[in-house]
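Report on the structure given below.
Residue numbers start from 1 in every chain, and the chains themselves are labelled A, B, ... in the order their sequence lines are given, proteins ahead of strands. As the structure is a prediction and not an experimental result, all values here were calculated from the model.
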Amino acid sequence: MSYDFNTIEAKWQKYWAEKETFKAQNGSDKPKYYVLDMFPYPSGAGLHVGHPLGYIASDIYARYKRHKGFNVLHPQGYDSFGLPAEQYAIQTGQHPAITTKENIARYREQLDKIGFSFDWSREVRTSDPKFYKWTQWIFIELFNSWYDNEENKARKIEDLKAIFASEGNEKVNAVCDEDVVQFTSEHWNNFSSKEQQQVLLKYRLTYLAETEVNWCPQLGTVLANDEIVNGVSERGGYPVIRKKMTQWSMRISAYAQRLLDGLETIDWPQPLKDSQTNWIGRSQGASVTFKVKDHNATIEVFTTRPDTIFGATFMTLAPEHELVQKITTSEQKAEIDAYIEATAKRSERERMADVKTISGAFTGAYAEHPFTKEPIPIWIGDYVLAGYGTGAVMAVPCGDQRDYDFAKHFNIPITNIFEGVDISQEAFADKENTVISNSGFLNGLPYKKATKAAIYELEKLGQGEGKINYRLRDAVFSRQRYWGEPFPVYYIDGMPQMIDMKHLPIELPEVEKYLPTETGEPPLGRAEVWAWDIEKNKVVSNDLIDHTTIFPLELNTMPGWAGSSYYFNRYMDPHNDEEIFSQDAITYWKEVDLYIGGSEHATGHLLYARFWQKFLFDRGIVPVDEFAKKLINQGMILGTSAIIYRISGTNTYVSKGLKDQHETEELRVDVGLINNSDELNLEALRQWQPQFKDAEFILENGKYIVGREVEKMSKRWYNVVNPDGICEQYGADSLRLYEMFLGPLEQAKPWNTAGITGVHSFLKKLWKLYHNGDEFEVLDSEPTKDSLKTLHKTIKKVEDDIENFSFNTSVSTFMIAVNELTAQKCNSKTILEPLLVLISPYAPHIAEELWAKLGHDESIATATFPVFEEKHLVESTKRYPISFNGKMRFTLELSLDLGKDEIEAAVLAHEKTQQQLDGRVPKKVIVVPGKIVNVVG
RNA sequence: GCUGAAGUGGUGGAAUUGGUAGACACGUUGGACUUAAAAUCCAAUGGCCAUUAUGGCCGUGCGGGUUCAAGUCCCGCCUUCAGUACCA
């Protein structure tokens, strides 16, 4: 019987599904282990071979952990809200729910063919109302919370109301909007309900605010910072402009420090941690308040170098700074207005691309230096960003290159406050080697002491304090889209009201078109039934809005990251309609032990998910404040495009080796048209696209050889390889092994279908090992010492490899083992049975088949991982470290079972006499001039 | 510019962490089997030189250094990829 992988794989996939082999129980005597993949967005294009890489790795680990006696949770689901389905709906009128459902069905079919051990009974979809009920619930919880800096955690808004009612807000140390004014309990109690709501909104963890947002006109929506790449939208590459809008925001800035601190406690890749650290952007310094001369106004700046305050010879405000209009003198007004207009016109992208050009304008106003009381001219310039710090800087040209360049450009005086430093060419920014001079009370002090002293003096004046500033901004949470979670929010008198939890979910209404309305409202503005009846507690028709009992509902939807910020917890108890998850479930599973996914989510999903987890922790809903202990970023699998060379102006194509003789242009063709040796199938090409029907070819040695280029797998380059075809031709086990064999999990690597024959023939050899001719035959015979050695060597290596996520090398180990066992003609059950368990995480189908043939009724998934016994390896070479002449240290590799002293003596003896060692002679002794370095037995 | 990772045969990649560099596989070449092809099996395969046993020299981006011993450690360069960018 030959290795009929198609039949075997279909059989076992059906078996696993029917027997629910991989269904996880909430609770067990075994220790728990939670292995999670980043759930996919089901796009219309289906899976290519790059997608399953991480899933295969996590599946191997999950299956391994089951063999090791763990109760493993390994779920899968779909991140099914998103822009592509909506764009498709706009173009075709097809409801996104239908497109999404179809795409999911296709994904599932493809995933099933690869033989994953997912517990599909726990599947979640973010676009399923049963799921987004809980997304809405978390939103409400955030709305009903505030961040207490004293306790350093989120607390219920009820607590805050109680504090306001009894003592006002004077003593409250909370993360809140900057414009809150102080009030007493008496004030509070006399506020109208609306006034109270307005005040509370400034404290809530999700709040409504007029914010300047990244507006993308082409997409008709607001984008978060991480959805913008190089000043254009990540999806589609459209321009993005700044615009003021009333939006929901998430007060993630409250968690900036804890998000940083938490990184210390989790085992995530350093590059990923670095980019989160960078994104949060903590900088320590001071805030300094400058009085504006002749105005009742002050300018607050943030600086990391308060020690250089005596070097401040001017100030620069961002053009958008609110004080600009107020302080600009009439003589300077025209110039300032012109400059502001010019900068506003420049897109974010132009501003970024053009950082070299120095521009700015003088307001005519002066600030007063806190210590010298000298006047300091106030300028505006677009190198100061409105969105960072206070949107204003004290410019110290001698210590900051940008200030220096600005000063030179506008002929502003530069004062040198550094001892023994030449600043005639450039600014001096080396903190560590700074000695301050020309700076009053700071003279002679180094950076650290000067900083301390400056802050101390500023505090005395009441014009500054030490401060930590973060780059991390609150996250805008509104999207002007249809295909997202609706907010559980209606408005009374312009103030947002939460819909009671028991009426959730608020389901998406039907609309006839998925575009924004003519008046610029989000698509939900088109819904005819989208108003809230507070008496009936249900969504009713818009016509009925009377602002007495029926009120308008929020028209925005939530962003893509809403559902993905907690889905990992929902898998623990996915069908619970009463709670987001039971406390039993979350107490048992706690957190994700291993999370595998792409590094592109570093500053998006992975940051927001950590934020929500910390919030849920503060509110006692989850037991740990980091959701994933260990995370691995799998590398991208790249495509190997095929290139043909057209002679310019003709329909003649020249083979790669001859292309230099002609003037050619490159065209990419489908990689499916290429055989294993880069030869193009001309007939298939002619049929592929009409333009090649009458093409002519200049061949070399009778063949057309294509050029190859490694690049991202994409339909555009015709280099996409579909896993279905691979499964059909070589089997899922081959696909799984090959994806691992390609290279280290975390590294980007090119796909080349040709190489799969290596792992495929390994599987055929493995199959043969269990067969005598056509008959299955495994005997109860005593294993040979060599076979035991092979087995235990393999156990050791594979176990180490899996623990270190170095799956590529264990595939090689299997190959070596099978080759050795074949050469040993091993047919002993003692060897062949545990070997299957080792291989089963990688190639589960063939392992199940052979396992069943060995007479097991239960799935191999229930088998125990074989135990490594060192005694079987003692016959092999062994390393002995010895010292020699008291100084040199050697490692001797011998197949002799000798003691340390004997070896030392033996080596000395051998070196001198080349005589026998204890009756046995090492095969080879490597000698470097006069000294033995290595002995190989 | 800054941060991080990495440079090993024709290719993907190994190397027990300082101890025989190139495991394993692809590809290539030769051979066996076959009418033929596919499949399968065997052999060779870093470079140069020598050779009808065996052998020698050079080799892990470049230049130095430490060491009996360096792909691995140290110093200085070069290149590539990824992230980030007027962050005060």
Side-chain angles (χ1 to χ4, degrees), chain A residues 2 229-230 269-279 281-283 285 301-305 308 312 315-316 318 351-352 354-358 381-385 387-396 399-403 405-406 429 469-472 599-600 602-603 633 635-636 640 676-678 708 710 737-738 741-744 746-762 764-765 768 796-797 800 806 808-816 819 877 879 881 884-885 887-893 924-936:
Chain A
S2 67
V229 177
N230 295 330
Q270 198 55 43
L272 195 150
K273 287 186 183 181
D274 289 347
S275 69
Q276 289 208 350
T277 306
N278 204 316
W279 192 261
R282 180 187 202 270
S283 51
V301 303
F302 175 74
T303 176
T304 53
R305 298 293 303 274
T308 65
M315 300 189 74
T316 315
R351 245 171 107 159
M352 279 190 199
D354 180 27
V355 298
K356 289 268 145 54
T357 314
I358 295 157
D382 69 359
Y383 80 96
V384 176
L385 304 177
Y388 182 77
T390 59
V393 301
M394 64 173 211
V396 183
D400 182 288
Q401 195 58 41
R402 289 156 305 163
D403 296 342
D405 295 340
F406 194 88
N469 197 53
Y470 297 93
R471 197 187 81 121
L472 184 69
S599 57
E600 67 273 20
T603 53
N633 291 130
M636 203 189 299
T640 310
N676 287 358
S677 25
D678 289 354
R708 311 299 315 238
V710 172
L737 283 168
Y738 190 50
F741 183 70
L742 277 177
E746 300 183 70
Q747 191 176 303
K749 51 221 169 245
W751 178 267
N752 175 18
T753 304
I756 201 171
T757 53
V759 293
H760 188 62
S761 63
F762 155 71
K764 287 195 275 195
K765 285 182 201 166
K768 274 191 190 162
K796 179 90 171 73
K797 184 73 166 68
D800 287 353
S806 145
N808 54 328
T809 48
S810 37
V811 180
S812 297
T813 307
F814 292 141
M815 290 182 181
I816 294 166
N819 285 340
T877 55
R879 284 162 170 273
F884 191 62
N885 285 351
K887 186 186 171 196
M888 289 166 270
R889 291 186 66 249
F890 305 122
T891 305
L892 300 177
E893 197 171 323
K924 193 177 175 190
V925 180
I926 297 158
V927 182
V928 169
K931 281 140 193 164
I932 296 178
V933 171
N934 213 345
V935 182
V936 179

Residue-phosphate contact under 4.0 Å: A:N278 side-chain N/O, B:A82 OP1/OP2: no

Interatomic distance, A:N752 CG vs B:U28 P [rounded to whole Å]: 11 Å

5′-ward residue of the pair A:M815/A:D403 relative to RNA chain B: A:M815

Residue matched to B:G55 through Watson-Crick or wobble contacts both under 3.5 angstrom: B:C49

Watson-Crick or G-U counterpart of B:U60, or none if no pair lies under 3.5 Å: none

Sugar-phosphate only, base, or nothing, as touched by A:D800 at under 4.0 Å among non-hydrogen atoms: nothing

Watson-Crick/G-U partner (both atom distances under 3.5 Å) of B:G18: none

Which atom of A:M394 lies closest to which atom of A:R305, heavy atoms considered: CE-O, 3.8 Å

d(CZ, A:R282; P, B:C87) in whole Å: 18 Å

Counter-base of B:A82, judged by Watson-Crick or G-U geometry with both distances under 3.5 Å: B:U3

A:T809 and A:S806: side chain donor to acceptor below 3.5 Å: yes

Pair A:D405, A:Y383: side-chain N/O donor-acceptor within cut-off below 3.5 Å: no

P gap between B:U60 and B:G46, integer Å: 16 Å

Separation of atom CD in A:Q270 from atom C1' in B:G83, rounded to whole Å: 13 Å

Identity of whatever pairs with B:C24 - Watson-Crick or G-U, under 3.5 angstrom: B:G12

Under 3.5 Å: donor-acceptor pair, side chain of A:K749, backbone of A:P744: yes

B:U17: syn or anti, per glycosidic angle within 90° of 0: syn

Sugar-phosphate, base or nothing in reach of A:K765, heavy atoms under 4.0 Å: sugar-phosphate

P gap between B:U28 and B:G7, integer Å: 27 Å

Short side-chain N/O contact to B:A88 OP1/OP2 from A:S283, under 4.0 Å: yes

Euclidean distance for P, B:G63 against B:U8 (whole angstrom): 16 Å

Proximal nucleotide (of B:U3, B:A88, B:A25) relative to the A:T303 side chain: B:A88

For nucleotides 12-14 of chain B, give me every protein contact, N/O to N/O, under 3.5 Å, one pair per line with atom names.
| unit_1 | atom_1 | unit_2 | atom_2 | d |
| --- | --- | --- | --- | --- |
| B:G12 | O2' | A:L742 | O | 2.6 |
| B:G13 | OP1 | A:Q747 | NE2 | 2.8 |
| B:A14 | OP1 | A:N808 | ND2 | 2.9 |

Interatomic spacing from OG in A:S275 to CD in A:Q270 - rounded to 0.5 Å: 10.0 Å

Ring centres under 6.0 angstrom apart (A:Y470, A:W279): no

Donor-acceptor pair between A:T757 and A:Y738 side chains, under 3.5 angstrom: no

Proximity to the side chain of A:S275 - top-ranked nucleotide from B:G83, B:C87, B:A25: B:G83

Gap between atoms CG and C1', on A:D400 and B:G1 respectively (whole Å): 14 Å

Under-4.0 Å side-chain N/O to phosphate OP1/OP2 contact, A:R471 with B:U84: no

Nearest-Å distance once atom C1' is located in both B:U45 and B:C24: 15 Å

Closest non-hydrogen atom pair, A:V396 against A:D403: N-OD2, 2.9 Å

Separation of atom CZ in A:R402 from atom C1' in B:C87, rounded to whole Å: 7 Å

From B:G27, B:C86, B:U40, nucleotide with atom closest to A:T757 side chain: B:G27

Length of the line joining A:F762:CZ and B:C41:P, which is rounded to integer Å: 14 Å

Nucleotide paired to B:A32 in any strand shown, Watson-Crick or G-U, under 3.5 Å: B:U40

From CA spacing to verdict: side chain to side chain contact (heavy atoms under 4.5 Å, CB included), A:V393, A:M315: CA-CA 6 Å; A:V393 301; A:M315 300 189 74; over 6 Å; no

Please write out each protein N/O paired with an N/O of nucleotides 43-45 of chain B under 3.5 Å, distance rounded to 0.1 Å.
none

Distance between P atoms of B:C42 and B:A25 (Å, rounded): 11 Å

Euclidean distance for P, B:G71 against B:A15 (whole angstrom): 16 Å

Rounded distance (Å) that lies between atom P of B:A88 and atom CG of A:D405: 16 Å

Atom-to-atom span, NZ of A:K764 to C1' of B:A38 - whole angstrom: 10 Å

A:M815 to A:F741 - nearest heavy-atom pair and separation: CE-CE1, 4.4 Å

Value rounded to 0.5 Å, distance of OG1 in A:T303 from CG in A:D400: 8.5 Å

C1' atoms of B:U40 and B:C58, separation to the nearest Å: 39 Å

Anti or syn - B:G46, cut at 90° from 0: anti

Gap in Å between the two P atoms, one belonging to B:A38 and one to B:U34, rounded: 15 Å

